[in-house]
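The basis for the numbers below is simple: all heavy atoms, side chains too, and nothing from hydrogens, waters or symmetry mates.
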Amino acid sequence: MGWKQAYLKRVSLKLIIFGATAGMWAAFLAEATLLYAESSQLEWLRYYGPIVVLGVTFGALFAPIDEMAYRFWNRAGKAAMAGALLSGAGGLVSFALVSYFLAPVADEPGIPGTAALTPFRWLWFFIPFSLLAANAGLASGWVLGDTKKAFRRAGWGFVAGGVAGVPLAAVYLFAWENPAVHLLAFAAWSGFVSWVIFWGEKRMAKNWLRVLIGPEEDRIYPMEKHRITVGKLESNDIPLPDSQEIYPFHCEIHWAGDHYEIIDDENGGVVLVNFRQIQEQPLKNGDLVKIGSVLLQYGGGAQP
């Protein structure tokens, strides 16, 4: 197994665990909301309360997973707020649409239209889970200020949420009296979504920087933007907050038409490429880049 495969396996396992935990907590709070609604006879809360709580909780816990895995707390906080907003609203809208399409007949409490379901019409219920994942993925990329990455994460989330949402929808419809089954099913769904978004992004990256020596050893930073900033602040495209001798904005990497160039604009610190100090240097596959106490290796060379 190569270093890249080993890294992906290790980090994706961490994200699967984080994702499954986030999904279980979201499902637990949604079930608690449904229980409260039934005990208080609040008819509107019975139908729409759980899906809103599910969306808000899932978005707040899931969207910052990638940042939490690397201890980028500022990014994680912003992603949590954006994820709660987008997923809560998206969950409510999608659930309302599904309820409308399935039919107005209801023969079980809290399950709209079950009397009118056919063996295929229940598949409509995967839509809320697909949109929940898309909105959380969109929020997680949105806080990075990268529109392309945000929409790609939303796309991966939509596909993953829909694929795993079909069996999850079946669980919710045909085992709706068993909350424990709901918790386990939603945890599995959330873990799968987390894994797909992470692998989709990392595996499709054509250019990247790998940390050889530093606090995040073996981490891969995908390079997709035409202008990439590197520095100690978490607002950078490649943040190195736990490293020594690194300026808040240390240097920049620009796409020059058919290759990347690393640029020391003299407002940051010293930049070494293959252990030689540079002001501006094209990057080639395998080049070593030293920034402060961190040693990175550039890989790729294809157009972003």
Side-chain angles (χ1 to χ4, degrees), residues 1-15 66 69-70 72 141 144-153 155-156 195-234 236-247 249-304:
M1 181 184 294
W3 66 267
K4 190 172 184 180
Q5 287 71 28
Y7 163 82
L8 292 173
K9 182 177 180 180
R10 183 176 71 250
V11 179
S12 62
L13 178 61
K14 183 191 298 185
L15 294 179
D66 194 49
Y70 298 111
F72 298 152
L144 302 177
D146 187 342
T147 303
K148 184 178 179 181
K149 178 173 290 188
F151 281 104
R152 186 173 57 254
R153 286 186 179 183
W156 283 111
W195 179 81
V196 169
I197 290 178
F198 171 80
W199 269 75
E201 183 169 289
K202 302 296 184 184
R203 294 290 291 182
M204 292 189 69
K206 298 177 180 178
N207 303 275
W208 36 262
L209 280 173
R210 169 199 177 195
V211 179
L212 293 179
I213 299 175
E216 296 294 343
E217 185 175 337
D218 274 348
R219 185 181 178 187
I220 297 173
Y221 291 95
M223 299 167 60
E224 298 158 317
K225 297 173 68 175
H226 284 246
R227 177 181 177 271
I228 298 168
T229 60
V230 184
K232 201 172 186 68
L233 294 181
E234 290 181 17
N236 287 290
D237 299 300
I238 299 179
L240 303 167
D242 300 322
S243 305
Q244 304 298 317
E245 302 173 15
I246 292 181
Y247 284 65
F249 296 98
H250 199 98
C251 63
E252 293 183 354
I253 301 174
H254 291 183
W255 181 252
D258 59 355
H259 65 275
Y260 273 111
E261 290 184 352
I262 188 166
I263 300 170
D264 176 7
D265 59 8
E266 299 183 355
N267 292 321
V270 173
V271 178
L272 304 178
V273 175
N274 297 325
F275 302 102
R276 297 178 60 184
Q277 185 172 350
I278 59 94
Q279 295 298 317
E280 185 173 333
Q281 175 78 32
L283 291 175
K284 302 185 298 297
N285 187 41
D287 277 353
L288 299 176
V289 178
K290 192 169 190 303
I291 301 171
S293 61
V294 179
L295 181 64
L296 307 105
Q297 184 179 38
Y298 171 73
Q303 184 169 348

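For Ile263, the side chain to side chain contact (heavy atoms under 4.5 Å, CB included) partners at least two apart in sequence or on another chain are His254, Glu280.
Partner of Val271 under the side-chain contact (heavy atoms from CB on, under 4.5 Å) criterion, out of Lys290, Gln279, His250: His250 alone. Screening Asn207, Val230, Val289 for a side-chain contact (heavy atoms from CB on, under 4.5 Å) with Ile253, the sole residue that qualifies is Val230. Among the candidates Lys225, Glu252, Arg227, the single residue satisfying the side-chain contact (heavy atoms from CB on, under 4.5 Å) test with Asp237 is Lys225. Shown are Val294, Leu296, Leu288; of these, the side-chain contact (heavy atoms from CB on, under 4.5 Å) with Leu212 is made only by Leu288.
Distance CZ/Phe198 to CG/Leu13: 10.5 Å, rounded to 0.5 Å. The distance from atom CG of Asp287 to atom CG of Leu209, rounded to the nearest 0.5 Å, is 10.0 Å. Note that the CG atom of Asp242 and the CZ atom of Phe72 stand 7.5 Å from one another [nearest 0.5 Å]. Put simply, CH2 on Trp208 and CZ on Arg219 are 14.5 Å apart, with the number rounded to the nearest 0.5 Å. One distance of note links CE of Met223 with CD1 of Ile228; it measures 4.0 Å at 0.5 Å rounding. For the atom pair CG of Leu295 and CZ of Arg210, the computed distance is 10.0 Å after rounding to the nearest 0.5 Å.
Listed here is the closest heavy atom pair of Glu261 and Pro282: CG-CA, 3.9 Å. Minimum interatomic distance between Gly141 and Ala150 (heavy atoms only, all atoms of both residues): C-CB, 3.6 Å. The two residues Ala69 and Leu15 have their closest heavy-atom pair at CB-CD2, 3.7 Å.
With hydrogens and angles ignored, the 3.5 Å screen pairs no side-chain donor or acceptor of Lys149 with any backbone N or O of Phe151. Panel note: side chain Lys232, backbone Pro241; a donor-acceptor pair is recorded below 3.5 Å. Under the 3.5 Å distance criterion, the side-chain polar atoms of Tyr247 are left unmatched by any main-chain donor or acceptor of Gly292. Panel note: side chain His226, backbone Ala256; no donor-acceptor pair is recorded below 3.5 Å. The main-chain N or O of Ile238 is never found under 3.5 Å from a side-chain atom of Asn236 such that the two would form a donor-acceptor pair.
Side chains of Val211 and Tyr221 form a contact here, defined as non-hydrogen atoms less than 4.5 Å apart. A heavy-atom distance below 4.5 Å is not found between the side chains of Gln281 and Arg276.
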Is there a side-chain contact (heavy atoms from CB on, under 4.5 Å) between Asp264 and Val270 once you walk through the steps?
-> CA-CA 7 Å; Asp264 176 7; Val270 173; 5.6 Å; no
